[in-house]
S.K.: 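I have a structure I would like to understand better, so I am pasting it below and will then ask my questions one at a time.
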Amino acid sequence: MPELPEVETFARELRPDLVGQRITAVEVRWPAIVATHPPDAFAALLQETRILDVGRRGKYLLFPLNSGETLIVHLRMTGRFFLAPTPQREKHVHLLMLLDNERWLHYQDVRKFGRFYLEEDPQQVLGKLGPEPLDPSWSSAAFWQALQKHRLPVKSALLDQRIVAGLGNIYADEALFAASIDPRRPANSLTRGDVSRLQAAIRNLLAAALRARGSSVSDYVPPNGVPGTFRAQHQVYRRTDEPCPHCGTPIRRLRIGGRSTHFCPHCQH
DNA sequence: ACCACAACCTGGCCGC
DNA sequence: TGCGGCCAGGTTGTGG
């Protein structure tokens with residue numbers, strides 16, 4: 001589920017259930033999920049620590065602990081959390097934590113791409129991330145400067161988490177459509193005006209998606225089980241051959257940097 | 001330094 | 001029903 005609005009929705013919905021809870025047991029079923037430690041060392045370090053908060057940076061979930069370490073989780077393509085009163089037999093549950101309110105936090109991930117990190121210094125994991133797109137201090141001038149350094153397609157630049165943190169394939173395509181910019185254009189060919197429109201489009205889009213609790217595609221849902229509804233507002237993403245909502249030209253799909261890209265060949269220049 | 005591409009995994013869907 | 005091929009919201013490592 002994992003672009004900024006979906007990860008933020010996870011953080012918001014987990015927060016009331018997790019803040020203040022002590023972790024009393026940890027079970028790692030798929031060791032590769034834990035990037036920083038062997039499973040038993042990871043479990044031992046988490047045991048008896050208390051979760052102080054649930055936050056987000058880019059597409060990472062952050063769980064600062066009273067041990068001074070921070071548990072950092074990236075959901076990648078198919079990771080999700082849910083809570084249940086007993087360990088569930090559901091498929092693809094790779095990690096469980098028992099909380100002192102007797103509920104089990106389940107980490108489920110069909111493709112097993114998600115990763116857990118336990119770090120004293122979160123910067124070890126987050127250090128290369130670019131600005132938060134919804135942070136008012138992220139300026140159009142800084143965005144333009146960052147894009148100037150790259151000749152690759154602007155679509156690929158938007159997916160580079162060092163340029164701006166939190167965009168993925170859906171919101172990159174939707175932002176370029178909203179700003180009428182052709183995804184194939186070299187990043188350094190954008191004018192200051194283009195970049196200013198693109199930045200505004202990114203912010204509007206993410207704020208609207210957040211209000212809808214994200215885009216639930218396929219059957220992945222936030223922890224409380226209610227799917228996000230932003231998918232209904234996608235203008236181009238996975239709408240190949242459907243008419244452009246502005247001009248009626250069929251939406252095209254092509255591959256840029258290995259990722260499917262959807263755009264209107266008439267409206268985007 | 002830059003960029004394309006494979007690898008990491010599983011499952012859904014489509015055509016034959 | 002089965003099988004091959006392609007697709008999927010991400011990131012990292014390799015190699016040209």
Side-chain angles (χ1 to χ4, degrees), chain A residues 1-11 29-36 56-61 72-81 90-95 107-117 124-130 133 146-177 183-189 202 205-206 209-210 212-222 227-241 253-262:
Chain A
M1 301 223 23
E3 298 183 39
L4 186 152
E6 293 77 33
V7 179
E8 178 65 28
T9 298
F10 263 101
R29 296 180 178 171
W30 186 263
I33 291 285
V34 182
T36 49
R56 179 196 59 78
R57 171 80 170 96
K59 300 176 193 171
Y60 292 87
L61 284 167
I72 304 172
V73 179
H74 199 301
L75 304 170
R76 297 282 178 96
M77 300 287 266
T78 53
R80 66 177 292 244
F81 283 103
E90 259 185 87
K91 290 181 81 169
H92 312 303
V93 171
H94 308 306
L95 199 147
Y107 178 71
Q108 184 178 40
D109 188 343
V110 171
R111 294 177 71 181
K112 298 176 175 162
F113 288 173
R115 289 293 177 268
F116 283 57
Y117 310 81
Q124 292 296 316
V125 176
L126 311 175
K128 289 183 171 177
L129 290 180
L147 291 174
Q148 280 301 107
K149 294 183 193 145
H150 300 271
R151 193 197 317 269
L152 81 182
V154 59
K155 162 66 185 277
S156 302
L158 292 182
L159 296 180
D160 183 339
Q161 302 298 298
R162 296 168 301 187
I163 294 176
V164 59
L167 293 180
N169 214 29
I170 295 177
Y171 298 106
D173 281 5
E174 293 294 325
L176 289 166
F177 175 77
R184 297 165 292 190
R185 274 178 63 188
N188 62 2
S189 76
I202 289 168
L205 207 53
L206 294 179
L210 225 33
R213 300 172 50 267
S215 306
S216 287
V217 317
S218 76
D219 54 352
Y220 291 97
V221 294
T229 59
F230 195 69
R231 192 183 186 194
Q233 295 178 57
H234 294 173
Q235 308 290 294
V236 290
Y237 182 75
R238 289 217 208 175
R239 294 197 183 278
T240 311
D241 294 334
R253 181 174 82 92
L254 42 88
R255 204 160 272 281
I256 296 178
R259 309 298 303 278
S260 271
T261 301
H262 313 75

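Convention: sequence-line order gives letters A, B, ...; per-chain numbering from 1. Since this is a predicted model, take the numbers as computed values, not measurements.
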S.K.: Please compare A:Leu167 and A:Arg253 by the position of their nearest nucleotide in DNA chain C and report the one closer to 5'.
M.R.: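 Here A:Arg253 is the residue nearer the 5' end.
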
S.K.: Considering every strand and a 4.0 Å limit on heavy-atom distances, what is the contact class for A:Arg162: base, sugar-phosphate, or nothing?
M.R.: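 Counting heavy atoms under 4.0 Å across all strands, no contact is made by A:Arg162.
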
S.K.: Across all strands, who's sitting opposite B:dC9 as a Watson-Crick or G-U wobble pair, both distances under 3.5 Å?
M.R.: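 In the structure as shown, B:dC9 has no Watson-Crick or wobble partner.
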
S.K.: Would you call the rings of A:His94 and A:Trp30 parallel, tilted or perpendicular, taking 30° and 60° as the class edges?
M.R.: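 Taking A:Trp30 first and then A:His94, their aromatic rings sit tilted (interplane angle of 30° to 60°).
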
S.K.: Please state whether the base of C:dA8 and the side chain of A:Arg111 form at least one donor-acceptor pair under 3.5 Å?
M.R.: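 Yes.
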
S.K.: Nearest to the A:Gln161 side chain among B:dC3, B:dC9, C:dT11, which nucleotide is it?
M.R.: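 For the A:Gln161 side chain, the nearest candidate turns out to be C:dT11.
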
S.K.: Quick check for you: among B:dC3, C:dT12, B:dT10, whose closest atom lies nearest to any side-chain atom of A:Tyr60?
M.R.: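 Nearest to the side-chain atoms of A:Tyr60, counting from C-beta on, is C:dT12.
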
S.K.: Please give the distance between the P atoms of B:dC9 and C:dT14 as a whole number of Å.
M.R.: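 15 Å, rounded to whole Å.
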
S.K.: Is there a side-chain contact between A:Lys112 and the phosphate of B:dC8, meaning an N or O under 4.0 Å from OP1 or OP2?
M.R.: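 For A:Lys112, the contact criterion (side-chain N or O under 4.0 Å from OP1 or OP2 of B:dC8) is not met.
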
S.K.: I'd like the P distance from B:dC8 over to C:dC3, given in whole Å.
M.R.: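 These two P atoms come out 24 Å apart once rounded.
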
S.K.: I want to check one thing: is the phosphate of B:dC8, taken as OP1 and OP2, less than 4.0 Å away from some side-chain N or O of A:Arg76?
M.R.: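 Indeed not, no polar side-chain atom of A:Arg76 lies that close.
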
S.K.: Let me know the distance between CE of A:Met77 and P of C:dT11, rounded to the nearest Å.
M.R.: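 A:Met77 atom CE is separated from C:dT11 atom P by 10 Å.
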
S.K.: Starting from C1' on B:dT10, measure out to CZ on A:Arg80 and report it in whole angstrom.
M.R.: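 In whole Å, B:dT10 C1' and A:Arg80 CZ are 16 Å from each other.
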
S.K.: Can you check the A:Asp109 CG to C:dG10 P distance for me, whole Å?
M.R.: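 Spelled out: CG on A:Asp109 to P on C:dG10 is 13 Å.
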
S.K.: Is any side-chain N or O of A:Arg259 closer than 4.0 Å to OP1 or OP2 of C:dA8?
M.R.: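 Checking A:Arg259 against C:dA8: no side-chain N or O falls below 4.0 Å of OP1 or OP2.
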
S.K.: Measure from CZ on A:Arg115 to C1' on C:dT11 and round the result to the nearest Å.
M.R.: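 Between C1' of C:dT11 and CZ of A:Arg115: 10 Å.
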
S.K.: Taking the same atom, C1', in B:dC3 and in C:dA8, what whole-Å distance lies between them?
M.R.: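 Rounded to whole Å, the distance is 23 Å.
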
S.K.: Picking from C:dA8, C:dT12, B:dC9, which would you name as closest to the side chain of A:Trp30?
M.R.: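 For the A:Trp30 side chain, the nearest candidate turns out to be B:dC9.
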
S.K.: Establish, with yes or no, whether the OP1 or OP2 oxygen of B:dC3 is under 4.0 angstrom from a side-chain nitrogen or oxygen of A:Ser156.
M.R.: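 It does not, given that no N or O in the side chain of A:Ser156 lies less than 4.0 Å from OP1 or OP2 of B:dC3.
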
S.K.: Cut-off 3.5 Å, side chains only: do A:Arg253 and A:Ser260 have a donor facing an acceptor?
M.R.: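 Yes - a donor-acceptor pair under 3.5 Å links their side chains.
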
S.K.: Does B:dC2 have OP1 or OP2 sitting under 4.0 Å from an N or O in the side chain of A:Lys149?
M.R.: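 It does not, given that no N or O in the side chain of A:Lys149 lies less than 4.0 Å from OP1 or OP2 of B:dC2.
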
S.K.: Picking from C:dG10, B:dG11, C:dC7, which would you name as closest to the side chain of A:Pro2?
M.R.: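 Among the listed nucleotides, the one closest to the side chain of A:Pro2 is C:dG10.
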
S.K.: Calculate the interatomic distance between A:Ile33 atom CD1 and C:dT11 atom P; express it in whole Å.
M.R.: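 So the CD1-P distance, A:Ile33 to C:dT11, works out to 15 Å.
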
S.K.: Does B:dG11 have its OP1 or OP2 closer than 4.0 Å to a side-chain nitrogen or oxygen of A:His92?
M.R.: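 Yes, A:His92 has a side-chain N/O under 4.0 Å of OP1/OP2 on B:dG11.
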
S.K.: Within the structure, does a side-chain N or O atom of A:Lys128 lie under 4.0 Å from either OP1 or OP2 of C:dT11?
M.R.: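 No, because none of the side-chain N or O atoms of A:Lys128 sits under 4.0 Å from OP1 or OP2 of C:dT11.
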
S.K.: Rounded to the Å, how far apart are A:Leu159 CG and C:dT12 P?
M.R.: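 So the two atoms are 13 Å apart, to the nearest Å.
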
S.K.: So, A:Phe113 and C:dT11: ring centres less than 5.5 Å apart, planes less than 30° off, yes or no?
M.R.: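 Answer is no, no stack.
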
S.K.: If we ignore angles and hydrogens, is there a donor and acceptor under 3.5 Å between the side chains of A:Gln235 and A:Glu174?
M.R.: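 Note: A:Gln235 and A:Glu174 side chains miss the donor-acceptor criterion.
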
S.K.: Select base, sugar-phosphate, or nothing to describe what A:Tyr171 touches, counting heavy atoms under 4.0 Å on all strands.
M.R.: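 No contact at all - A:Tyr171 keeps every heavy atom at 4.0 Å or more from the nucleic acid.
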
S.K.: Without swapping roles, check the side chain of A:Arg57 against the backbone of A:Tyr60 for a donor-acceptor pair under 3.5 Å.
M.R.: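 Checked: no pair found.
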
S.K.: Quickly work out the A:His262 NE2 to C:dA8 C1' distance and round it to whole Å.
M.R.: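 After rounding, the gap between these two atoms is 10 Å.
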
S.K.: Would you please say whether a donor-acceptor pair under 3.5 Å links the side chains of A:Asp109 and A:His92?
M.R.: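 Not at all, the side chains of A:Asp109 and A:His92 share no donor-acceptor pair under 3.5 Å.
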
S.K.: Side chains of A:Lys59 and A:Leu167, heavy atoms from C-beta outward: is any pair under 4.5 Å?
M.R.: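 No, side chains not in contact.
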
S.K.: Do you see a donor-acceptor pair shorter than 3.5 Å between the side chains of A:Glu6 and A:Tyr171?
M.R.: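 Result is yes, a qualifying pair exists.
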
S.K.: Would you say A:Arg151 reaches B:dA4's phosphate, i.e. side-chain N/O to OP1/OP2 under 4.0 Å?
M.R.: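 A:Arg151 to B:dA4 OP1/OP2: no side-chain N or O under 4.0 Å.
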
S.K.: Could you give the CG-to-P distance, from A:Asp160 to B:dA4, as a whole number of Å?
M.R.: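 Nearest whole value for this atom pair: 13 Å.
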
S.K.: Is A:Gly258 touching bases, backbone alone, or none of the nucleic acid, heavy atoms closer than 4.0 Å?
M.R.: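 No contact.
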
